[in-house]
A.B. asks: 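Input: one structure, supplied below.
Start at 1 with the first residue, then count along the sequence.
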Amino acid sequence: MGVTPTFADIEAAAARVDGLVRPIAVAPAGPGHDPLWFALEFLQFTGSFKARGAQNFVRAHAAAETLPDAGVTIASGGNAGLACAWAARAAGVPATVFLPETAPAVKIGRLRDYGAQVRLIGPEYKQALAACREFAETSGALAAHAYDDTLIAAGAGTLMWELNARLPDIDTVLVAVGGGGLFTGTAVAAQHFGIRTVAVEPQGSRSLHAALAAGHPVDVTVDSIAADSLGAPNVSSMALAAAQHPSVRSLLVPDDAIRAARRQLWDSHRIAVEYGAATALAALLDTGSGPAYRPEPGERVCVVLCGANTDPSDLV
């Protein structure tokens, strides 16, 4: 299990991945949406923010001479596996990625393009994770965790580190939550800069929300259109610790709002993202009973659009 990264860990990660990941791109939402901004992290290498944590993980282990010839292995809904395979290929070691059998074909295909060995195990992430752990024990491969790892979370936090430099006046950042790697890094960095974090989850995949209610991580049933990227059955302890800070708010959104947000991003902005990325924006949409998050007048908000590993054919 990972230890919650410090801001110093995020700064170290930023130095480690400098030149290896794409700098954050930002864009205003446009007329009628001021002062709303989008962080366009779906433009990142491998199509999601996961490239940051994967590079930090692999490069840190390479520098410490703890990166084995057997390479790395990871269980993933798809995005973490893509990033791990990409970073491993750049470091010259193999990657073996375990996915649920329900993983989208677009992600499986891209993994094979990166040269990864792909193994489809079980209907849910937890079965893939168990198989990954067994493989690491028997093969000698270094096991990476999709979200519950200090290096992974610190790498993800470089997004917020860069975002503050690009938009130093923002008040609030909205970010989607699955297992909590992106959220943890974002929240730690945001707290350092005095920025609020809004953690947004699908109603049918509420690992952080449930952990906050229970006071500890708990297993949840996953049933959401965004499950391929936000379908972790439980959140990490470090994500829970970050979420208990008073600057953090945890919200749930229905799948209908997620669908509407993804459609709005395409129709209004020509941005094609996966459902997990649209989840953060869904908190701002009024689907009949008011938005889940209503900014105060003049509040400067940035929505992190975290991934675009999707089949866009249903958008046209």
A.B. asks: Can you name the closest pair of heavy atoms from Ala25 and Arg166 and give their distance?
C.D. replies: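 Answer, listing the atom of Ala25 first, then Arg166: CA-NH1, 4.3 Å.
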A.B. asks: Please walk me through it: do Val253 and Gln203 pass side-chain contact (heavy atoms from CB on, under 4.5 Å)?
C.D. replies: CA-CA 5 Å; Val253 293; Gln203 288 179 350; 5.8 Å; no
A.B. asks: Any carboxylate oxygen within less than 4.0 angstrom of a Lys/Arg side-chain nitrogen, looking at Arg52 and Glu41?
C.D. replies: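 A salt bridge links Arg52 with Glu41.
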A.B. asks: Given side chains that start at C-beta, do those of Val235 and Tyr147 come closer than 4.5 Å, heavy atoms only?
C.D. replies: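 When only atoms from C-beta onward are counted, Tyr147 and Val235 do not touch, as no gap falls below 4.5 Å.
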A.B. asks: Just wondering, more than 12 heavy atoms not from Asp267 lying within 6.0 Å of its CG?
C.D. replies: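 Atom CG in Asp267 is packed in, count exceeds 12.
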A.B. asks: Which atom pair, heavy atoms only, marks the closest approach of Ile152 to Ala146?
C.D. replies: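 Heavy atoms of Ile152 and Ala146 come nearest at CG2-O, 3.7 Å.
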A.B. asks: For a quick test of reading the model, state the closest non-hydrogen atom pair linking Ala278 to Ala261 and the distance between them.
C.D. replies: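 For Ala278 and Ala261, the tightest heavy-atom pair comes out as O-CB, 3.4 Å.
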A.B. asks: Check ring-ring contact (aromatic ring centres under 6.0 Å, His included) between Phe57 and all other residues, then give those that pass, not counting sequence neighbours.
C.D. replies: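 Once residues adjacent in sequence are excluded, the partners of Phe57 under the ring-ring contact (aromatic ring centres under 6.0 Å, His included) criterion are His61.
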A.B. asks: Look only at the side chain of Ser76 and the backbone of Gly81, and say whether a donor-acceptor pair between them is shorter than 3.5 Å.
C.D. replies: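 Yes; at least one donor-acceptor contact below 3.5 Å.
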A.B. asks: When you compare the side chain of Thr46 with that of Tyr114, does any pair of heavy atoms fall below 4.5 Å?
C.D. replies: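 The answer is yes, as the side chains (C-beta and beyond) meet within the 4.5 Å cut-off.
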A.B. asks: Mind checking whether Val118 and Val72 sit in one hydrophobic cluster, side chains of I, L, V, M, F, W, Y counted as touching below 4.5 Å?
C.D. replies: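 Val118 and Val72: separate clusters.
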A.B. asks: Does Phe98 have any ring-ring contact (aromatic ring centres under 6.0 Å, His included) partners at least two apart in sequence or in another chain, and if so, which?
C.D. replies: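 Phe98 satisfies ring-ring contact (aromatic ring centres under 6.0 Å, His included) with Phe135 only.
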A.B. asks: Looking at CD of Gln44 and CG of Asn79, how far apart are the two atoms once the value is rounded to the nearest 0.5 Å?
C.D. replies: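 Rounded to the nearest 0.5 Å, the CD-CG separation comes to 12.0 Å.
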A.B. asks: Leu20 and Leu159: same hydrophobic cluster, using ILVMFWY side-chain contacts below 4.5 Å?
C.D. replies: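 As far as the 4.5 Å side-chain criterion goes, Leu159 and Leu20 are not connected within one cluster.
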A.B. asks: Can you name the side chain to side chain contact (heavy atoms under 4.5 Å, CB included) partners of Val58, sequence neighbours left out?
C.D. replies: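 Partners of Val58 under the side chain to side chain contact (heavy atoms under 4.5 Å, CB included) test: Leu67, Ala87, Ala91.
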A.B. asks: In Å and rounded to the nearest 0.5 Å, what is the OG1 to CD distance from Thr73 to Glu137?
C.D. replies: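 Thr73 atom OG1 to Glu137 atom CD measures 11.5 Å (nearest 0.5 Å).
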A.B. asks: Consider only side-chain heavy atoms of I, L, V, M, F, W and Y, link residues closer than 4.5 Å, and tell whether Leu252 and Val177 are in one cluster.
C.D. replies: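 No, Leu252 does not connect to Val177 through the hydrophobic network.
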A.B. asks: Among all residues two or more places apart in sequence or in another chain, which pass the ring-ring contact (aromatic ring centres under 6.0 Å, His included) test with Phe45?
C.D. replies: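 Applying ring-ring contact (aromatic ring centres under 6.0 Å, His included) to Phe45 gives Trp86.
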A.B. asks: Remaining members of Val106's ILVMFWY cluster at a side-chain heavy-atom cut-off under 4.5 Å?
C.D. replies: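 So far as hydrophobic clustering goes, Val106 is joined with none.
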A.B. asks: One pair to check against side-chain contact (heavy atoms from CB on, under 4.5 Å): Leu167 and Trp37. What are the steps and the verdict?
C.D. replies: CA-CA 9 Å; Leu167 299 175; Trp37 287 78; 3.8 Å; yes
A.B. asks: Roughly how far, to the nearest 0.5 Å, is the CG atom of Asp9 from the OG1 atom of Thr4?
C.D. replies: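 Answer for the OG1-CG pair, Thr4 versus Asp9, is 10.0 Å.
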A.B. asks: Regarding Asp113 and Arg110, does a basic nitrogen lie under 4.0 Å from an acidic carboxylate oxygen?
C.D. replies: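 Answer for the salt bridge query: no.
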A.B. asks: Any side-chain hydrogen bond (donor to acceptor under 3.5 Å, both in side chains) pairs touching residues 211-225, not counting sequence neighbours?
C.D. replies: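 Checked against side-chain hydrogen bond (donor to acceptor under 3.5 Å, both in side chains) - neighbours excluded - the pairs reaching residues 211-225 are Asp219-Asn234, Ser224-Asp255.
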A.B. asks: Would you find more than 12 non-hydrogen atoms of other residues, nucleotides or ligands less than 6.0 Å from Arg294 atom CZ?
C.D. replies: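 Atom CZ in Arg294 is not crowded, with 12 or fewer foreign heavy atoms closer than 6.0 Å.
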A.B. asks: Is there a donor-acceptor pair closer than 3.5 Å between any side-chain N or O of Gln117 and the backbone N or O of Val97?
C.D. replies: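 Looks like no, no N/O pair under 3.5 Å.
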A.B. asks: CG/Leu163 to CZ/Phe193 distance, rounded to the nearest 0.5 angstrom?
C.D. replies: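 Answer for the CG-CZ pair, Leu163 versus Phe193, is 9.5 Å.
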A.B. asks: Going hydrophobic residue to hydrophobic residue with side-chain gaps under 4.5 angstrom, can you get from Val21 over to Leu182?
C.D. replies: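 No, it is not one cluster - the side chains of Val21 and Leu182 are not joined through contacts under 4.5 Å.
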A.B. asks: Does Glu162 use its side chain to pair, donor to acceptor, with the backbone of Pro23 at less than 3.5 Å?
C.D. replies: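 It does not hold such a pair.
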A.B. asks: Under the side chain to side chain contact (heavy atoms under 4.5 Å, CB included) test, which residues partner Asp171, sequence neighbours left out?
C.D. replies: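 By the side chain to side chain contact (heavy atoms under 4.5 Å, CB included) rule, Asp171 matches Arg196, Glu299, Arg300.
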A.B. asks: Set out, in order, the CA-CA distance, both residues' side-chain angles and the distance that settles side-chain contact (heavy atoms from CB on, under 4.5 Å) for Val248 and Gln191, then state yes or no.
C.D. replies: CA-CA 9 Å; Val248 174; Gln191 288 158 20; 3.8 Å; yes
A.B. asks: Any side-chain heavy atom of Val93 within less than 4.5 Å of one from Leu142?
C.D. replies: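 They are not in side-chain contact.
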A.B. asks: Give me each pair satisfying salt bridge (Lys or Arg N to Asp or Glu O under 4.0 Å) with a member in residues 228-248, each pair once, sequence neighbours excluded.
C.D. replies: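 Every salt bridge (Lys or Arg N to Asp or Glu O under 4.0 Å) pair that includes a residue of residues 228-248, provided the two are not neighbours, is Lys107-Asp228.
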A.B. asks: Only counting residues at least two apart or in another chain, list the ones meeting side chain to side chain contact (heavy atoms under 4.5 Å, CB included) with Leu230.
C.D. replies: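 Scan of Leu230 (side chain to side chain contact (heavy atoms under 4.5 Å, CB included), adjacent residues dropped) gives Ala176, Pro202, Ala226, Thr279.
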A.B. asks: Starting at CG of Asn309, measure out to CG of Leu82 and round the result to the nearest 0.5 Å.
C.D. replies: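 Separation between the atoms: 5.5 Å.
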A.B. asks: Compare all side-chain heavy atoms of Leu284 with those of Pro295 and state whether any distance is below 4.5 angstrom.
C.D. replies: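 In contact.
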A.B. asks: Testing the basics here: between Thr197 and Ala190, what is the closest heavy-atom pair and its distance to 0.1 Å?
C.D. replies: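 What the structure gives for the nearest pair is OG1-CB, 3.4 Å.
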A.B. asks: Do you know the tightest heavy-atom contact between Leu111 and Ala85?
C.D. replies: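 Distance-wise, the nearest heavy atoms are CD2-CB, 4.0 Å.
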A.B. asks: If you draw the axis of the six-membered ring of Trp266, does the NZ or CZ of Arg262 fall within 45° of it and under 6.0 Å from the ring centre?
C.D. replies: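 No; the conditions do not both hold, so Arg262 does not lie above the ring face of Trp266.
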A.B. asks: Apply side-chain contact (heavy atoms from CB on, under 4.5 Å) to Leu99 and Arg119, showing your working.
C.D. replies: CA-CA 6 Å; Leu99 302 175; Arg119 304 196 180 184; over 6 Å; no
A.B. asks: Flag the pair Val173 / Val198 as yes when at least one side-chain heavy-atom distance between them is below 4.5 Å, and no otherwise.
C.D. replies: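 The answer is no, as the side chains (C-beta and beyond) never meet within the 4.5 Å cut-off.
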A.B. asks: Side-chain contact test, heavy atoms from C-beta onward, threshold under 4.5 Å: evaluate it for Asp148 versus Met238 and give yes or no.
C.D. replies: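 Touching, per the 4.5 Å side-chain cut-off.
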A.B. asks: Does Tyr275 have any ring-ring contact (aromatic ring centres under 6.0 Å, His included) partners at least two apart in sequence or in another chain, and if so, which?
C.D. replies: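 Once residues adjacent in sequence are excluded, Tyr275 has no partner under the ring-ring contact (aromatic ring centres under 6.0 Å, His included) criterion.
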A.B. asks: Let me have the donor-acceptor pairs involving side chains of residues 125-132, under 3.5 Å, with sequence neighbours excluded, atom names and distances please.
C.D. replies:
residue : atom : partner : partner atom : Å
Gln127  : OE1  : Glu124  : N            : 3.0

A.B. asks: Are Pro217 and Ser237 side-chain neighbours, meaning at least one heavy-atom pair lies under 4.5 Å?
C.D. replies: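 Side-chain contact under 4.5 Å: yes.
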A.B. asks: Are Leu285 and Phe38 linked, directly or through intermediate hydrophobic residues, by side-chain heavy-atom contacts shorter than 4.5 Å (ILVMFWY only)?
C.D. replies: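 The answer is no; the residues belong to distinct hydrophobic clusters.
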A.B. asks: Which residues satisfy the side chain to side chain contact (heavy atoms under 4.5 Å, CB included) test with Ala13, sequence neighbours excluded?
C.D. replies: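 Asn56, Ala154, Thr158.
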A.B. asks: Could you check if a side-chain atom of Ile170 sits within less than 4.5 angstrom of a side-chain atom of Ile195, using non-hydrogen atoms only?
C.D. replies: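 Answer yes - side chains close enough.
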A.B. asks: What pair of heavy atoms forms the shortest contact from Ala232 to Val222, and how long is it?
C.D. replies: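 What the structure gives for the nearest pair is O-CG2, 3.9 Å.
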A.B. asks: Atom CG in Leu40, atom CD1 in Ile271: separation rounded to 0.5 Å?
C.D. replies: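 Between atom CG of Leu40 and atom CD1 of Ile271 there are 5.5 Å.
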A.B. asks: Donor-acceptor check, side chain of Glu201 to backbone of Leu251, threshold 3.5 angstrom: yes or no?
C.D. replies: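 No, Glu201 side chain to Leu251 backbone: no donor-acceptor pair under 3.5 Å.
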